[in-house]
Student: 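Below you'll find the structure I mean.
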Amino acid sequence: MTKDFDVKIKATTIKVNYHVMSFLDSSSNGNKYSSRAANAAYCASDSSVAAFQKFHDIAYGKNSAGADNQPAEGTNGAPDSTFVAWGKQAGVTSADFSTCVSANQHSKLVVAVTDDASKAGVSGTPTVFVDGKRVGSVNSAPTVATIDAAITTALSKAKSTAA
């Protein structure tokens, strides 16, 4: 998320729901990085919303050398031990987190969320919906202005039907 979105989220001007999916397992040399990373994110969410957000920012951010933490397609991706280390960086202190990651505890949730997203026509990230309608195009984050316009349209329709 950009700083503009973060400001709106913190001010509760907008609500963001993350649906962590696993589109790229076939591109991770058989180690199912995408599913395991999604599982680890859900494991972090078991701790708290803040832990999930920090974990998400780490997983999709850069490491201390400035390289992307998210692996390139066609590579192995990080092992579970890296997810556990990222959890610690995100403030997850429970030993249950490591067990959750290694046991792939949320694998069924990852499959269900991914299947639901695919049925809704989601084929890449980020994908943004406002009031059930896609905003922006596949693999391209919409701007704050575009999302604001979609929210304004949705609110005006809601007000006009409420009367």
Student: Excluding sequence neighbours, so at least two apart, what forms side chain to side chain contact (heavy atoms under 4.5 Å, CB included) with S48?
Tutor: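 Residues passing side chain to side chain contact (heavy atoms under 4.5 Å, CB included) with S48: A50, A51.
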
Student: Apply the hydrophobic cluster definition, ILVMFWY joined by side-chain contacts under 4.5 Å directly or through others, and give me every member besides F83.
Tutor: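 When side chains under 4.5 Å apart are linked, the cluster holding F83 also contains Y33, F55, I58, V84, W86, V92, F97, V101.
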
Student: Is a donor from one side chain sitting under 3.5 angstrom from an acceptor on the other, for T153 and S156?
Tutor: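 Judged by distance alone, the side chains do not pair up.
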
Student: Side-chain donor-acceptor contacts of residues 103-111 below 3.5 Å, not counting sequence neighbours, with atom names and distances?
Tutor:
from : atom 1 : to   : atom 2 : distance (Å)
N104 : OD1    : N39  : ND2    : 3.4
H106 : NE2    : D46  : OD1    : 3.4
H106 : NE2    : D46  : OD2    : 2.7
S107 : OG     : N104 : O      : 3.3

Student: How would you list all residue pairs meeting disulfide (SG to SG under 2.5 Å) that involve residues 88-122, not counting sequence neighbours?
Tutor: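 Found C43-C100.
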
Student: S102: which residues meet the side chain to side chain contact (heavy atoms under 4.5 Å, CB included) condition with it, sequence neighbours left out?
Tutor: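 For S102, no residue satisfies side chain to side chain contact (heavy atoms under 4.5 Å, CB included) once neighbours in sequence are set aside.
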
Student: List for me each residue that meets side-chain hydrogen bond (donor to acceptor under 3.5 Å, both in side chains) alongside S47, sequence neighbours excluded, and say none if there are none.
Tutor: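 With sequence neighbours excluded, S47 shows a side-chain hydrogen bond (donor to acceptor under 3.5 Å, both in side chains) to no residue whatsoever.
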
Student: Can you pull out every side chain to side chain donor-acceptor pair (under 3.5 Å) where at least one residue sits in residues 64-83? Sequence neighbours excluded, please.
Tutor: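 For residues 64-83: N29-N76, R36-D80, K62-D68.
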
Student: Who pairs with S35 by side-chain hydrogen bond (donor to acceptor under 3.5 Å, both in side chains), at least two apart in sequence or on another chain?
Tutor: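 If we apply the side-chain hydrogen bond (donor to acceptor under 3.5 Å, both in side chains) test to S35, skipping adjacent residues, the hits are S22, D25.
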
Student: Mind checking ring pair (Phe, Tyr, Trp, His ring centres under 6.0 Å) for F129 and listing every partner two or more places apart, or none if nothing turns up?
Tutor: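 Ring pair (Phe, Tyr, Trp, His ring centres under 6.0 Å) check on F129 returns nothing, list empty.
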
Student: Side chains of T127 and R134, heavy atoms from C-beta outward: is any pair under 4.5 Å?
Tutor: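 Yes, at least one pair of side-chain atoms sits under 4.5 Å.
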
Student: I need the full list of salt bridge (charged side-chain N to carboxylate O under 4.0 Å, His left out) pairs touching residues 114-133, with sequence neighbours left out, sorted by first then second residue.
Tutor: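 Qualifying pairs, neighbours excluded: none.
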
